[in-house]
Peer 1: 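Below you will find the structure I want to go over with you.
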Number of protein chains: 2
Amino acid sequence: MDEVFKALADESRRMLLDRLHARNGQTLGELCDGLEMTRQAVTKHLGILEGANLIATVKRGREKLHYLNPVPIHEIGVRWIGKFEVQRLDVLAELKRNLEQKDQIP
Amino acid sequence: MDEVFKALADESRRMLLDRLHARNGQTLGELCDGLEMTRQAVTKHLGILEGANLIATVKRGREKLHYLNPVPIHEIGVRWIGKFEVQRLDVLAELKRNLEQKDQIP
DNA sequence: TTTACATGCAACCATATGGTTGCCTATTTT
DNA sequence: AAAATAGGCAACCATATGGTTGCATGTAAA
């Protein structure tokens with residue numbers, strides 16, 4: 001889980017996931033197109049994403065195809081965000097209540 | 001958005017959010033209890049969480065109370081995870097299809 | 001079988017990050 | 001007022017991170 005959060009912490013990596021989300025199964029070269037980064041930098045990012053199990057790769061001839069794996073992101077949603085969602089409005093109400101209470105203690 | 005992801009990337013910070021989730025409105029000292037970290041380290045983490053708008057603070061006398069703000073986490077769920085959720089099963093099916101297709105090209 | 005193409009590997013570099021220590025300030029409590 | 005409590009500030013340190021360059025390797029096309 002920690003690896004997933006760490007992988008998602010970088011804007012370049014989130015952008016790579018967005019690209020794969022737009023079109024799955026792209027090669028390294030395709031994923032590099034139009035980026036202001038060397039191919040090696042992209043390779044490292046993809047390695048980190050793969051290490052976090054956020055993408056899976058398949059070698060086809062001399063190319064390497066990259067596929068998005070949304071499962072870990074789904075798990076973040078279920079196991080982490082869900083937990084904080086439940087009490088969303090409640091907490092905001094409580095926060096407001098406490099902030100107002102503060103003014104009553106000089 | 002980037003700050004939120006960065007803030008969530010650290011295990012210690014996620015743990016602090018968990019603690020506030022368990023009991024909201026704790027002081028710095030309370031949040032430090034039982035942690036193998038100096039108070040100053042915790043202060044820094046809380047500063048980053050506050051910078052990402054994940055917590056709000058209120059000074060009460062010589063204490064500082066910390067409140068969880070679940071809104072940014074909610075936004076991650078809506079604007080980012082949702083996007084990858086929709087196609088979850090579709091993508092897994094496609095991935096499997098492509099992996100199998102690979103074997104047909106020696 | 002050369003030549004071109006797609007990717008891999010490794011060393012290196014600057015900055016970001018998480019943590020520490022030491023000291024200062026502001027409230028309580030005695 | 002003095003002592004204790006809660007927190008803030010700043011300098012410093014080691015390691016992690018994101019990036020680069022240079023060269024090596026495997027595969028496809030001429």
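None of the values given here were measured: they were computed from a predicted structure. Numbered from 1 within each chain, the chains take letters A, B, ... in sequence-line order.
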Peer 1: Could I get a table of every N or O pair under 3.5 Å where one atom is in the protein and the other is in nucleotides 13-17 of chain D?
Peer 2:
none

Peer 1: In terms of ring plane angle, is the pair B/Phe5 and B/Trp80 parallel, tilted or perpendicular, where the classes change at 30° and 60°?
Peer 2: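 It falls in the perpendicular class, over 60°.
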
Peer 1: To the nearest angstrom, how far is A/Arg60 atom CZ from C/dC5 atom C1'?
Peer 2: 18 Å

Peer 1: Among all residues two or more places apart in sequence or in another chain, which pass the side chain to side chain contact (heavy atoms under 4.5 Å, CB included) test with B/Ala52?
Peer 2: B/Glu3, B/Val4, B/Ala7, B/Leu54

Peer 1: When you get a sec, tell me which of C/dG18, D/dG18, C/dT27 is the closest nucleotide to the side chain of A/Ile48?
Peer 2: D/dG18

Peer 1: Between P on C/dG18 and CG on B/Leu16, what's the gap in Å once rounded to a whole number?
Peer 2: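 From B/Leu16 CG to C/dG18 P: 12 Å.
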
Peer 1: Identify, with sequence neighbours excluded, every residue that meets side chain to side chain contact (heavy atoms under 4.5 Å, CB included) alongside B/Glu50.
Peer 2: B/Ile55, B/Thr57, B/Lys64

Peer 1: Okay, side chain of B/Asp2, backbone of A/Asp10: is any donor-acceptor separation there less than 3.5 Å?
Peer 2: no

Peer 1: Just grab all the side-chain hydrogen bond (donor to acceptor under 3.5 Å, both in side chains) pairs involving residues 36-46 of chain B, residues at least two apart or on different chains.
Peer 2: B/Arg13-B/His45

Peer 1: Taking salt bridge (Lys or Arg N to Asp or Glu O under 4.0 Å) as the test, write out the residues that go with A/Glu11, two or more places apart.
Peer 2: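 Applying salt bridge (Lys or Arg N to Asp or Glu O under 4.0 Å) to A/Glu11 gives A/Arg14.
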
Peer 1: Send over the distance from B/Lys64 NZ to C/dT25 P, rounded to a whole Å.
Peer 2: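 Result: 18 Å.
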
Peer 1: Using whole Å, report how far CD of B/Glu63 lies from C1' of D/dA4.
Peer 2: 14 Å

Peer 1: Pair B/Ile81, A/His74 - check side-chain contact (heavy atoms from CB on, under 4.5 Å), show working.
Peer 2: CA-CA 7 Å; B/Ile81 297 202; A/His74 173 249; over 6 Å; no

Peer 1: State, yes or no, whether a side-chain contact exists between B/Gln26 and B/Leu65 at a heavy-atom distance under 4.5 Å.
Peer 2: no

Peer 1: Does a distance-only test, which skips hydrogens and angles, find a donor-acceptor pair under 3.5 Å between the side chain of B/Lys44 and the base of C/dG19?
Peer 2: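 Answer is yes: a donor-acceptor pair is held.
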
Peer 1: Just the rounded figure in Å: distance from P of D/dT5 to CG of B/Leu28.
Peer 2: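 Value for this atom pair: 16 Å.
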
Peer 1: Taking atom types as they are modelled, is there a donor-acceptor pair under 3.5 Å from the base of D/dT5 to the side chain of B/Arg62?
Peer 2: yes

Peer 1: For DNA chain C, which residues in residues 32-42 of chain A have a heavy atom at a distance below 4.0 Å?
Peer 2: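 When residues 32-42 of chain A is checked for heavy atoms under 4.0 Å from DNA chain C, the hits, listed by number, are A/Arg39, A/Gln40.
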
Peer 1: May I have all residue pairs that pass salt bridge (charged side-chain N to carboxylate O under 4.0 Å, His left out) and include part of residues 17-31 of chain B, sequence neighbours excluded?
Peer 2: A/Lys83-B/Asp18, B/Arg23-B/Glu30

